[in-house]
Number of protein chains: 2
Amino acid sequence: MERIPKRQRHQQLSRLLEENPFLTDRELTRQLKVSIQTIRLDRLELAIPELRERLKLMAERSYDSVRSLPLHEVIGDILDLQLDKSGISLFEISDEHVFSRSGIARGHHVFAQANSLAVAVINDEIALTASADIRFIRPARLGEKCIAKAYVRASGEQKGKAKVEVFTYVGEEMVFQGNFIIYRSAGESKT
Amino acid sequence: MERIPKRQRHQQLSRLLEENPFLTDRELTRQLKVSIQTIRLDRLELAIPELRERLKLMAERSYDSVRSLPLHEVIGDILDLQLDKSGISLFEISDEHVFSRSGIARGHHVFAQANSLAVAVINDEIALTASADIRFIRPARLGEKCIAKAYVRASGEQKGKAKVEVFTYVGEEMVFQGNFIIYRSAGESKT
DNA sequence: CTTCTTTTGGCACCAGGTATTAAAGGCTAT
DNA sequence: ATAGCCTTTAATACCTGGTGCCAAAAGAAG
């Protein structure tokens, strides 16, 4: 009668702290009806740090997520980039990108990856999207890794406009395709 | 020689903690070369809470910002919505939306506002962007307020596809125009 | 009954403080 | 210089939310 409760209690404890990480051990004793020592042994076994450590970790996370906001410059991680030729980026669909009802990615995130890549692949001081023609072929879902491949079809170094085609895949399946026209500041920086 | 330093020290202390809120009083002692009691009097005067309180506040902030992330469902504030007819939303271009070099909004943010609105205006359980044809007419800049207006051209309640046209303005000027084809779940839940 | 795991309890100790009282240093006005 | 005042430093008691360690009690299992 005391064998099973331990694992159950561990689950309850984990759940409680997931719901509200601000609970002290003392408050947990009230909820779980065991002594404070038991709570502490449990945390030890489950490798759950003490309240103050939890708060510190949360504070640190939010602190450097603010600091790393400039990374927001490009949506997705650039895996390969050949300026004025082609580029590849990876973007993983996570909670904040999907409709919570359906787990399907909101279109503008998939678009954002493609658009970022299309702009990044253009070798110029200033590159802006002028227009685009896009198709969402099948929905991208929570947890899926989207690989976008961009190809510069006409770099238009004189004309001031480049044509970039982007295909986004999840595994073998194409989920998105887009044709972008990118303004460029008329042929400058050659790296 | 001890009159001015107090205010200076207060400024330095504020600055240090702004740069790094994770400093203990003891560490501040080392940086400011005064006793720990002075640091504590200073914090008292400046109404700066102790380290642990600071961490807790940061953790709480990040915690309920996570909780309020579902607000992220729609990019921009919906000002008016007539389901299956039209909608208006407002989106203000701020730092995190622009290229830091030029202060020009990245296209996918302007697109996201339009796309969100086009999806929101469709009165159905599930609505997904199928394809779009978009044009960035002139760049939107830091601080500008973008008003997007969406009009449902063909609601296609039978066909399962709706056509939505979106125009985005800054003041009188049009900055973006897009034609969206939106999948709708045709009266019932269809994946 | 003995043995093992699990649960409690108690105590010392720690960080990072608060709160309070007191003393010392310095500056100014009378 | 002497008193009055602000500022700084010091000392002490106390608090929270723990860790670490040891020992005892309570079941469960052989």
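All values reported here derive from a predicted model rather than from experimental measurement. Every chain is numbered from 1 and lettered A, B, ... according to where its sequence line falls, protein lines coming before strand lines.
- Within the nucleic acid shown, Leu41(B) comes within 4.0 Å of at least one base atom, counting heavy atoms only.
- Per the geometry, CD belonging to Glu53(A) stands 15 Å off C1' belonging to dT16(D), to the nearest Å.
- Closest to the Thr24(A) side chain, of the nucleotides dG17(C), dG17(D), dT7(C), is dG17(D).
- Within the 4.0 Å cut-off from OP1 or OP2 of dT7(C), not a single side-chain nitrogen or oxygen of Arg40(A) is found.
- Rounded to an integer number of Å, the gap from NZ of Lys56(B) to C1' of dG16(C) is 15 Å.
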- Item | Test log, rule salt bridge (Lys or Arg N to Asp or Glu O under 4.0 Å), inputs Lys56(A) and Glu50(A) | CA-CA 10 Å; Lys56(A) 194 175 173 189; Glu50(A) 62 169 292; over 6 Å; no
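- Donor-acceptor pairing under 3.5 Å, judged by distance alone, is absent between the side chain of Arg26(A) and the base of dT16(D).
- Few gaps surround CZ on Arg15(B); more than 12 heavy atoms of other groups in view lie less than 6.0 Å from it.
- The side-chain tip of Arg135(B) does not point at the ring of Phe176(B) from less than 6.0 angstrom away and within 45° of straight on.
- Straight-line distance from the CD1 atom of Ile36(A) to the P atom of dT16(D): 12 Å, rounded to whole Å.
- Distance CD (Glu45(A)) to P (dT6(C)): 7 Å, rounded to an integer number of Å.
- Atom-to-atom, CD1 of Ile39(B) to P of dT9(D) comes out at 9 Å; the value is rounded to the nearest Å.
- Side-chain N/O atoms of Arg52(B) and base N/O atoms of dG17(C) include no donor-acceptor pair closer than 3.5 Å.
- For Gln37(A) against dG9(C), a side-chain N or O and a base N or O form a donor-acceptor pair under 3.5 Å.
- Residue whose closest nucleotide on DNA chain C sits further toward the 5' end, between Lys33(A) and Leu23(B): Lys33(A).
- Atom P of nucleotide dG16(C) and atom CG of Leu51(A) are separated by 15 Å, given to the nearest angstrom.
- Two rings, from Phe180(B) and Phe136(A), have their centers 6.0 Å or more apart.
- The separation between Arg7(B) atom CZ and dC6(D) atom C1' is 13 Å, rounded to whole Å.
- Mapping Leu44(B) and Thr38(A) onto DNA chain C via the closest heavy atom, the residue that lands nearer the 5' end is Thr38(A).
- When the side-chain nitrogen and oxygen atoms of Ser35(A) are compared with OP1 and OP2 of dT7(C), none of them lie within a distance under 4.0 Å.
- Closest approach to the Asp25(B) side chain among dT8(C), dG18(D), dG17(C) is made by dG17(C) (side chain taken as heavy atoms from C-beta onward).
- Rounded to whole angstrom, the span from the CD atom of Glu50(B) across to the C1' atom of dC14(D) amounts to 14 Å.
- At the heavy-atom level, Arg54(A) lies nowhere under 4.0 Å from the strands shown.
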Please list, one pair per line, the donor and acceptor atoms closer than 3.5 Å that link side chains of residues 166-173 of chain A to other protein atoms, with sequence neighbours excluded.
| unit_1 | atom_1 | unit_2 | atom_2 | d |
| --- | --- | --- | --- | --- |
| Glu173(A) | OE1 | Arg138(A) | NE | 3.4 |
| Glu173(A) | OE1 | Arg138(A) | NH2 | 3.2 |
| Glu173(A) | OE2 | Arg138(A) | NE | 3.3 |

